[in-house]
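Inspection log for the structure reproduced underneath, given as structure tokens.
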Amino acid sequence: MVALSHRDKIFALLLFVFSLCIRAGVYYCYLSHDHNYWQVDSQTYHRVAQNIADGKGIINADGTSHFYRLPGYPLFIAFFYKLFGPHPERALWVQIFLASFIPLLIFLLSLTLFPTRLLLARCVGLYGAMHLGLVLYSGFFMTETLFIFFFLLFCLFFFARSERRPWAVRQKISVSSHVLWPLPEPATMSPSVAHFYEKIGDVRTYDAADLIEGDVVFKAMSCAGIFLGLASLVRPVGHYVVVVALLLLLFSSDTWRQKIRKARILGLAWVLPVSFWLIRNFLLTGHLFFHTLPGGHFLYLSAARVAAEVHDCSYQQARDRLHHKVDVMMQHEEKIKERPLHEIERCLQHEKLARHYFISYPCITLKYWLTDMFRTCFSLYSAELLYLDAGRKNIEYFAKDRTVSSWFARYLAPQTGNRLLIVVVYLEIMLFLLTLLGFAVGLLLLCTMPISDRCVWLYLMPLMALFITIALAGGYARMRLPLEPFLMILSGYFWTDWKEKTV
């Protein structure tokens, strides 16, 4: 892990206090009023958490076993319900305290990725403290804060570096610019090593004795896997992240023996936290699965829009049509099995019908998937504030006649009389544009970077692309929130580059 100087430790402490003050202030002055912290999915988490706190287990309000959502967040909330009673406000204060560590984790992650760029780490730490999405979701009754906390801990250990001596035989190794730099690398660097990092060119020659030794690899990958497993119990994306992480290890310049060892440790450590949930679901239903959300999600948020265009009807009419079709399919399946379907089996029928539309109309499907990925990339977190300001008035988000210009008009000309809210919206737009500009220019200058920095970019971009890709059936800004720390760091790399070179 990163070794901090006394000055950096003071900065880290002040960063935490600053983050806590901002989050506590926003929650106390705004989100706690009129249940503004309550979101669409909050009721489901609340009811399951109540049942867990009452000792009834992970069940629904009607007493049936709960499969629709993952158990991580209800278990987290239930612990504080047990201590303080079923009061969401009290549990959210604990969540806000936890969320205040996220800017600190971003600061540490930046130092881990770019050990010589202290200014970059401090800037992105401060940005993380004020980032509107991170601030808002720290006070929402939602999973984002808990997931990002565990996900950043995974990243810290996965990208961890060390200078300890390895078990390997000392040897000289040359790595050219077309080979990805192996992870982990040294982070707690002596002045001589730091000088080496700064002066190195497109080819590195280093001593194998500077690679990670066996016990450090085991500890780092074990912690990374465990934290990713915990994150996988909060949001159902951890199994995708595991695949990407294993591919990153595969394309490193480690020996095959090292790659296999790291991959095995990471995979087994990830399985450890999620195994209880998968085994529980298998024992209750006979199926291995994480949750039953995908069926309705893909059918009604994605396939319904395809059906609306195919059948030339409104989005709501398409939903009703698909609802009738899937009911017929499930009744037919129940006759074959001669019993009511399990929840996961109903989910699979929903997925089957959605898949039929996706395969039958690939061009239309791709159009809507790309639309949602575009929305995920460029939607603003202040949309949540506009929604609350409008009294939670429903927006025809998936209406067929909704134009691209109307997407942007919602932010460029906010329909609100709250001047402070308008300022917040425009401030977010300006900061977001600067962030995107720094990231885009950094991509253009990628080939001019030292190989160590270039390979950090190459390692982070697949993870960033993953969170955009899995948002193909939704298109909400919160779906990209886990990649925001990466975006801050890579954009800040460009904006602070001139200063780093003059130090």
Give, for atom [atom1] of [X] and atom [atom2] of [Y], the distance between the pair rounded to the nearest 0.5 Å.
{"X": "Ile260", "Y": "Leu250", "atom1": "CD1", "atom2": "CG", "result": "9.5 Å"}
{"X": "Gln39", "Y": "Thr44", "atom1": "CD", "atom2": "OG1", "result": "12.5 Å"}
{"X": "Ile148", "Y": "Ser138", "atom1": "CD1", "atom2": "OG", "result": "10.0 Å"}
{"X": "Leu152", "Y": "Leu104", "atom1": "CG", "atom2": "CG", "result": "10.5 Å"}
{"X": "Leu483", "Y": "Leu463", "atom1": "CG", "atom2": "CG", "result": "9.5 Å"}
{"X": "Leu134", "Y": "Ile22", "atom1": "CG", "atom2": "CD1", "result": "11.0 Å"}

Could you check whether any side-chain heavy atom of [X] comes within less than 4.5 Å of a side-chain heavy atom of [Y], counting everything from C-beta outward?
{"X": "Leu156", "Y": "Phe227", "result": "no"}
{"X": "Leu249", "Y": "Met221", "result": "yes"}
{"X": "Tyr30", "Y": "Leu385", "result": "yes"}
{"X": "Phe276", "Y": "Leu233", "result": "yes"}
{"X": "Tyr45", "Y": "Asp41", "result": "yes"}
{"X": "Glu351", "Y": "Leu299", "result": "no"}
{"X": "Phe151", "Y": "Val241", "result": "yes"}
{"X": "Arg261", "Y": "Arg264", "result": "yes"}

Evaluate Leu92 against Phe97 for side-chain contact (heavy atoms from CB on, under 4.5 Å), listing each step before the verdict.
CA-CA 9 Å; Leu92 284 176; Phe97 181 81; over 6 Å; no
All salt bridge (charged side-chain N to carboxylate O under 4.0 Å, His left out) counterparts of Lys352, not counting sequence neighbours
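By the salt bridge (charged side-chain N to carboxylate O under 4.0 Å, His left out) rule, Lys352 matches no residue at all.
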What closest approach, in Å, do [X] and [Y] show between heavy atoms, and which atom pair accounts for it?
{"X": "Phe154", "Y": "Leu266", "value": "CE1-CD1, 4.3 Å"}
{"X": "Lys367", "Y": "Thr371", "value": "O-OG1, 2.7 Å"}
{"X": "Phe107", "Y": "Ala12", "value": "CE2-CB, 4.5 Å"}
{"X": "Leu386", "Y": "Pro414", "value": "CD2-CB, 4.0 Å"}
{"X": "Met488", "Y": "Val124", "value": "O-CG1, 3.4 Å"}
{"X": "Phe147", "Y": "Pro482", "value": "CE2-CG, 3.7 Å"}

Could you note down all residue pairs passing salt bridge (charged side-chain N to carboxylate O under 4.0 Å, His left out) where residues 128-155 supplies at least one of them, sequence neighbours left out?
Glu144-Arg478
Could you list all the salt bridge (charged side-chain N to carboxylate O under 4.0 Å, His left out) pairs where at least one residue sits in residues 147-159, not counting sequence neighbours?
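Found none.
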Which class fits the ring pair [X] and [Y]: parallel under 30°, tilted 30 to 60°, perpendicular over 60°?
{"X": "Tyr27", "Y": "Tyr37", "answer": "tilted"}
{"X": "Phe101", "Y": "Phe16", "answer": "tilted"}
{"X": "Phe80", "Y": "Phe76", "answer": "perpendicular"}

Which residues share a side chain to side chain contact (heavy atoms under 4.5 Å, CB included) with [X], sequence neighbours left out:
{"X": "Ile58", "answer": "Val48, Ile52, His66, Pro71, Trp277, Arg280"}
{"X": "Ala24", "answer": "Trp93"}
{"X": "Leu278", "answer": "Val274, Leu288, Phe290"}
{"X": "Pro462", "answer": "Val244, Leu248"}

Go through Leu460 and Leu113 one step at a time and tell me if the side-chain contact (heavy atoms from CB on, under 4.5 Å) criterion holds.
CA-CA 10 Å; Leu460 293 184; Leu113 296 171; 3.7 Å; yes
So which of His131, Arg23, Glu384 actually passes side-chain hydrogen bond (donor to acceptor under 3.5 Å, both in side chains) with Tyr137?
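That would be Glu384; it is the only one of His131, Arg23, Glu384 passing the side-chain hydrogen bond (donor to acceptor under 3.5 Å, both in side chains) with Tyr137.
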Restricting to pairs with a member in [range], which pass side-chain hydrogen bond (donor to acceptor under 3.5 Å, both in side chains), not counting sequence neighbours?
{"range": "residues 5-16", "value": "Ser5-Asp8, Asp8-Arg122"}
{"range": "residues 229-250", "value": "Ser232-Trp270"}
{"range": "residues 95-105", "value": "Tyr73-Gln95"}
{"range": "residues 462-472", "value": "none"}

Please evaluate residues Ile470 and Phe467 with respect to the criterion side-chain contact (heavy atoms from CB on, under 4.5 Å), reporting the C-alpha separation (whole Å), side-chain torsions for both, the decisive distance (0.1 Å), and the verdict.
CA-CA 5 Å; Ile470 61 179; Phe467 286 99; 4.2 Å; yes
I'd like a table of donor-acceptor pairs (distance under 3.5 Å, sequence neighbours excluded) in which one partner is a side-chain atom from residues 374-383, with atom names and distances.
unit_1, atom_1, unit_2, atom_2, d
Arg375, NH1, Asp372, OD1, 3.4
Arg375, NH2, Tyr397, O, 3.3
Thr376, OG1, Asp372, O, 2.8
Ser379, OG, Arg375, O, 2.6
Tyr381, OH, Ala477, O, 3.4
Tyr381, OH, Glu484, OE2, 2.8
Ser382, OG, Glu428, OE1, 2.7

With Phe439, the ring-ring contact (aromatic ring centres under 6.0 Å, His included) member among Phe494, Phe432, Phe486, Trp457:
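Result: among Phe494, Phe432, Phe486, Trp457, Trp457 is the only option passing the ring-ring contact (aromatic ring centres under 6.0 Å, His included) with Phe439.
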